[in-house]
Amino acid sequence: MVGSDAFDVIAGHGSAGTEICLDLPDAGAVLVPVCNGGLLAGIAVAVKAADPAIRVIGVEPELAADGAASFRAGTRTAWPVELTYRTRADGLRAPVLGALAWEHIHRYVDDMVTVTEDAIDTAAALLWRELGERAEPSGAVATAAYLTHRALLPPGPVVAVLSGGNVAVGTETREEPLVHLS
């Protein structure tokens, strides 16, 4: 079995970054969910190859922020599993970035931000109620980052990568979104 930190998998994730740049060449930033870093690494390499001015920002739940800790420290940093398993964003509970992914993240990613559990719930509810997109908590973190950190983002369109739709009908976290798209 090939892991999500494998070269071929990271390269495959790069196709999403290429498509983003082809569809929205004037993007100011791309927000990407982070687990072990393969998706972020692939997208960052492709986006920076297309336009180094586009900011690539990784997003993690604050309860599983080993990647953000690594980014701030400048070295790959592991968190104990009992800490990363506190988040409901279960697809992002990896306790450490993959070694190959880290090399790319360290070189190509502009920033890493975290979001709260409430922000994740709000984003998932907004995506469902306003757009009809059923996102699992892990997939909603990039939208949560946009809603939480938009004042700090560069000018231009912002892409929030939505990944994961493993949500059973009736298990949404909030009935009404706290923020509406305008």
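This chain uses plain numbering: 1 for the first residue, then up along the sequence.
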Contact summary for [X] and [Y], nearest pair of heavy atoms:
X: A89; Y: S138; result: C-OG, 3.2 Å
X: E136; Y: S163; result: CG-O, 4.2 Å
X: G58; Y: V109; result: N-CG1, 4.2 Å
X: P25; Y: D51; result: O-OD2, 4.1 Å
X: G74; Y: H106; result: O-CE1, 3.7 Å
X: G91; Y: C35; result: O-SG, 3.1 Å

field: Whether T84 side chain and R93 backbone form a donor-acceptor pair below 3.5 Å
entry: yes

Option among [options] that satisfies the side chain to side chain contact (heavy atoms under 4.5 Å, CB included) test with [X]:
X: L97; options: D66, T77, N36; result: D66
X: I54; options: D26, V47, V159, L24; result: V47
X: H13; options: L40, L39, V45, D8; result: L39

What is the distance from atom [atom1] of [X] to atom [atom2] of [Y], rounded to the nearest 0.5 Å?
X: T143; Y: L31; atom1: OG1; atom2: CG; value: 8.5 Å
X: D110; Y: I105; atom1: CG; atom2: CD1; value: 12.5 Å
X: L63; Y: L92; atom1: CG; atom2: CG; value: 11.5 Å
X: I57; Y: H149; atom1: CD1; atom2: NE2; value: 9.0 Å

- request: Given side-chain contact (heavy atoms from CB on, under 4.5 Å), test R150 with V158 step by step and report yes or no.
  value: CA-CA 9 Å; R150 76 178 127 200; V158 174; over 6 Å; no

task: For atom CZ of R86, decide whether the heavy atoms of other residues, nucleotides or ligands shown that lie under 6.0 angstrom number more than 12.
output: yes

Under 4.5 Å between side-chain heavy atoms, hopping through other hydrophobics if needed: is there a path connecting [X] to [Y]?
X: Y146; Y: V113; answer: yes
X: I120; Y: V32; answer: no
X: I43; Y: V59; answer: no
X: V96; Y: L83; answer: no
X: I10; Y: F71; answer: no

- request: Under the side-chain contact (heavy atoms from CB on, under 4.5 Å) rule, what do D121 and R88 come out as? Steps first, then yes or no, please.
  value: CA-CA 9 Å; D121 287 348; R88 70 179 52 96; 3.2 Å; yes

query: Is the shortest heavy-atom distance from the side chain of V141 to the side chain of E60 under 4.5 Å?
result: no

Worked verdict on L100 versus F7 for side-chain contact (heavy atoms from CB on, under 4.5 Å): CA-CA 7 Å; L100 182 58; F7 176 83; 3.9 Å; yes

